There are 2 protein chains.
Amino acid sequence: MSTPYHHGNLRAALVDAGLELARAKGPDGVVLREVARQVGVSHNAAYRHFADRDDLLLEIADRGMAELSGAMQARVDALPDELDAVTRARLRLHEVGRAYVEFALAEPGLFTAAFSCFSENAAGREPGSGPYEMLNAALDELVAVGYLAAARRPGAEVTCWAAVHGFSLLHLEGPMRVVDPADRDAALTGLLDTIDRGLGDPATG
Amino acid sequence: MSTPYHHGNLRAALVDAGLELARAKGPDGVVLREVARQVGVSHNAAYRHFADRDDLLLEIADRGMAELSGAMQARVDALPDELDAVTRARLRLHEVGRAYVEFALAEPGLFTAAFSCFSENAAGREPGSGPYEMLNAALDELVAVGYLAAARRPGAEVTCWAAVHGFSLLHLEGPMRVVDPADRDAALTGLLDTIDRGLGDPATG
DNA sequence: AACTGAATGTTGACGCCGCCCACATGCCCA
DNA sequence: TGGGCATGTGGGCGGCGTCAACATTCAGTT
């Protein structure tokens with residue numbers, strides 16, 4: 001009555017609670033018993049909906065990835081239209097990278113949780129919506145507009161991803177945890193600039 | 001008698017055992033009770049030498065960092081001498097980065113353990129011996145030989161570190177765990193090349 | 001050589017955790 | 001109406017980190 005024996009939508013409630021825990025304390029904060037406690041259900045109830053803790057974490061990771069994708073998409077969409085093709089493509093890559101780092105620093109727990117495990121059918125439900133696909137799209141555009149030589153295109157996505165991913169982790173859990181935000185932003189600008197120069201064709205850019 | 005009540009050098013033995021556990025299973029594999037078990041001492045014995053688990057992990061991390069430094073130094077020292085200054089400086093940066101990634105992939109557990117926590121007096125006991133210092137030295141040399149413009153020097157160490165760190169983690173625990181070594185090496189070469197181009201002064205390089 | 005205090009190691013306990021089991025409850029459909 | 005199945009409960013197991021009390025050894029003083 002007051003609290004019906006069957007929750008009705010326990011699975012979703014568990015994921016939501018777990019998501020909040022991940023946000024607040026990172027992947028290690030997603031404790032099955034605590035999640036159950038917050039939903040007001042007994043420990044073990046979760047096992048009717050998830051094989052084990054990792055299975056829950058997997059779904060949380062997917063949600064985190066989706067959120068990251070959204071943040072990246074938002075920044076890309078906010079780009080002004082009236083730019084020439086080349087600078088627009090270059091700015092697009094910058095925004096993709098900046099959004100990635102911005103999200104990681106704004107949501108450290110969720111970000112690390114999202115990378116603590118991976119599902120096969122990754123974040124992007126419909127193709128093209130995941131962070132990886134957005135990055136590849138940005139790079140493809142750089143080739144299309146003639147800024148990035150086609151010969152340099154293979155592997156470029158790994159370079160870009162590695163750079164922003166490493167930057168995020170170094171400032172999140174790494175030795176750069178304590179640098180002040182201004183220096184951090186300057187360093188990020190420098191990183192994006194170096195990548196831009198490194199990818200660009202001197203003849204064209 | 002057979003096994004003396006006092007171990008004699010328990011602290012070092014615990015660190016060694018913990019180091020092996022870290023190597024094999026990463027930071028989460030460093031379990032106090034297991035470390036004690038391996039040394040043949042009761043659980044809790046470790047508390048006479050370490051404040052808590054993190055304290056032990058800290059020392060393990062230091063050792064891991066030192067090992068990383070050694071691997072980097074070895075690669076740098078192996079560089080041939082008879083090169084002109086500019087290419088030598090550029091190669092030096094390449095080797096620093098390659099050694100970093102190589103170590104991370106060869107010793108995944110120890111590498112992640114080394115970055116799972118940090119001591120204040122970081123890895124390099126004597127100044128200049130830590131990974132960070134070696135990277136900075138390589139970049140300073142790039143400035144000295146005129147390849148890297150002094151104006152681009154600030155923040156360059158963050159860019160380089162982020163790139164190789166991110167590359168390592170993406171291939172270690174990240175979505176790129178499964179790419180085959182050949183592709184991985186090609187991607188790393190591409191990354192180092194992009195960084196080299198991004199840092200270099202077009203007029204000089 | 002005996003005494004004493006500090007250092008070191010042991011035993012036992014507490015409260016967490018993930019996970020497994022047997023059982024209780026409520027829903028749906030024949 | 002009744003039976004089967006999904007869902008939630010309660011208890012228990014072993015493992016963890018940590019604390020407190022106790023045992024043993026060592027080293028320095030007299």
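What you see is a predicted model, and the numbers here were worked out from it, not measured in a lab. Convention: sequence-line order gives letters A, B, ...; per-chain numbering from 1.
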Please list, pair by pair, any protein nitrogen or oxygen found under 3.5 Å from a nitrogen or oxygen in nucleotides 15-17 of chain C.
residue: C/dC17; atom: OP2; partner: A/Arg37; partner atom: NH2; Å: 2.7

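Residues B/Gly109 and B/Pro27 approach most closely at O-CD, 3.9 Å, considering heavy atoms.
Phosphate proximity of C/dC20 to A/Tyr47: absent, as no side-chain N or O sits under 4.0 Å from OP1 or OP2. Dashed line: the shortest gap from a side-chain N or O of A/His49 to OP1 or OP2 of D/dA6 is not under 4.0 Å.
Contact of B/Asn44 with C/dG12 (side chain to base): a donor-acceptor pair of N or O atoms is detected under 3.5 Å. A donor-acceptor contact under 3.5 Å is formed by the side chain of B/His43 with the base of C/dG12.
Residues satisfying the ring-ring contact (aromatic ring centres under 6.0 Å, His included) criterion with B/Phe111, sequence neighbours excluded, are B/Tyr100, B/Phe115, B/His165.
Rounded to whole Å, atom C1' of D/dG8 lies 15 Å from atom CZ of A/Phe50. For the pair B/Leu56 CG and D/dG17 P, the interatomic distance rounds to 10 Å; values are reported in whole Å. At whole-Å resolution of the value, CG in A/Asp28 and P in D/dC16 are 16 Å apart. The CZ atom of A/Arg48 sits 12 Å away from the P atom of C/dC20 (whole-angstrom rounding). When rounded to the nearest whole Å, the span between CG of B/Asp55 and P of D/dG17 equals 14 Å.
Within the model, atoms CG of B/Leu191 and NE2 of B/His94 stand 9.5 Å from one another, a figure rounded to the nearest 0.5 Å.
Using a cutoff of 4.0 Å between basic side-chain nitrogens and carboxylate oxygens, A/Lys25 and A/Glu34 are not scored as salt-bridged. At a threshold of 4.0 Å, the pair B/Arg152-A/Asp193 counts as salt-bridged, since one of the basic side-chain nitrogens sits closer than that to a carboxylate oxygen.
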**Report entry** B/Arg90 and B/Val86: CA distance, side-chain angles, deciding distance, side-chain contact (heavy atoms from CB on, under 4.5 Å) verdict
**Finding:** CA-CA 6 Å; B/Arg90 289 170 65 192; B/Val86 172; 3.9 Å; yes

